[in-house]
Amino acid sequence: MRSTMCRLILAASLGLTVLGVHAREAEPVVADPALESRVLKLSEKLRCLVCQNQSIAESQADLALDLRDQVREQLSAGKSEDDVVDYMVARYGDFVLYEPPMKLSTILLWAGPATLAVLGIVFLMLRLARRNKAESVHLDERQRARAQALLKGDGTPEADA
C-alpha cells in the first residue's frame, strides 16, 4: 500500500514536471504594453458615467469599455493625455473627471465639505453652550436643603406639595 502511494506521488510529480517543461509563457494580450500602461493610468482619472463610483479602468460597463477604447485610440493616434482629457470633458462635461477643475460651476464641490464642517462645528458649539447654560441652575438655600433631603431619602411626597 505504501509503495503504491509512493509510486502515485512519483508519477504525479513526473507528470507535472513534464507539463511544466512544455508550458509556454503567456503572450501579452496587448501589442504595446507602454501604450496600455498610459491608457490604464489615464483611465484611472476618468469616471465611469454608468457606475459613477468607479473609474473607467475599474468598471466593466459597456460604456467604460468604449471609453477605454476611445482613450486607447486617441493615445495611439499620437494625441497627448491632456488632449484626450479635453476631448472627454468636451463630450461628457466635468463630471467625467474625478478631480473637477476649480470653476464657478464646481465651487460647491470644492467648498461644500469645508462649509459643512464649519457649520457643524458652529452648531455643536451653540448646542453645547445652550446645554451648559441650562445645566447651571441656581438653587436658593431652601431648594438646596430640599434637594439634599431628597437625595438622602428623607423627603416625602407630602412635603413637595
Open item on the list: Which residues end up grouped with Leu65 if you chain together Ile, Leu, Val, Met, Phe, Trp and Tyr wherever their side-chain heavy atoms are less than 4.5 Å apart?
Closed with: none
Review item, side-chain donor-acceptor pairs of residues 106-113, under 3.5 Å, at least two apart:
from, atom 1, to, atom 2, distance (Å)
Thr106, OG1, Pro101, O, 2.5
Thr106, OG1, Lys103, N, 2.9
Thr106, OG1, Lys103, O, 3.2
Trp110, NE1, Pro100, O, 3.2

Task: Validation row: Arg47, Tyr98 side chains within 4.5 angstrom (heavy atoms) - done: yes
Open item on the list: Once side-chain contact (heavy atoms from CB on, under 4.5 Å) is applied, do any residues pair with Asn53, and if so which ones, sequence neighbours excluded?
Closed with: none
- [ ] Could you tell me which residues satisfy side chain to side chain donor-acceptor pair (under 3.5 Å) with Asp69, sequence neighbours excluded, listed by chain and number?
- [x] Arg72
- [ ] List, by chain and then residue number, the residues other than Val122 in its hydrophobic cluster (Ile/Leu/Val/Met/Phe/Trp/Tyr, side-chain heavy atoms under 4.5 Å); write none if there are no others.
- [x] Val118, Leu126
Open item on the list: The criterion is side chain to side chain donor-acceptor pair (under 3.5 Å); which residues satisfy it with Asp83, sequence neighbours excluded?
Closed with: Ser80
- [ ] Identify, with sequence neighbours excluded, every residue that meets salt bridge (Lys or Arg N to Asp or Glu O under 4.0 Å) alongside Arg130.
- [x] none
Task: Qualifying salt bridge (Lys or Arg N to Asp or Glu O under 4.0 Å) pairs, either residue in residues 112-124, two or more places apart - done: none
TODO: Enter the distance from Lys152:NZ to Gln148:CD here, rounded to the nearest 0.5 Å.
DONE: 6.0 Å
TODO: Output the distance between atom CZ (Arg68) and atom OG (Ser55), rounded to the nearest 0.5 Å.
DONE: 8.0 Å
Open item on the list: Once salt bridge (Lys or Arg N to Asp or Glu O under 4.0 Å) is applied, do any residues pair with Glu81, and if so which ones, sequence neighbours excluded?
Closed with: Arg38
Open item on the list: My understanding is that a hydrophobic cluster links ILVMFWY residues whose side chain heavy atoms are under 4.5 Å apart, including indirect links. Using that, what else belongs to the cluster containing Leu124?
Closed with: Leu128
TODO: List in chain and number order the residues that pass side-chain contact (heavy atoms from CB on, under 4.5 Å) with Phe123, two or more places apart in sequence or in another chain; answer none if no residue qualifies.
DONE: Arg127
Task: Atom pair CD/CD of Glu44 and Gln54 - distance to nearest 0.5 Å - done: 12.5 Å
Open item on the list: Counting neighbours of CG on Asp140 that are heavy atoms of other residues, nucleotides or ligands and sit closer than 6.0 Å, is the number greater than 12?
Closed with: yes
TODO: Kindly give the cluster partners of Met88, where membership spreads through any ILVMFWY side chain lying under 4.5 Å from a current member.
DONE: Leu35, Val39, Leu42, Leu46, Leu49, Val50, Ile56, Leu63, Leu67, Val71, Leu75, Val84, Val85, Tyr87, Val89, Tyr92, Phe95, Val96, Leu97
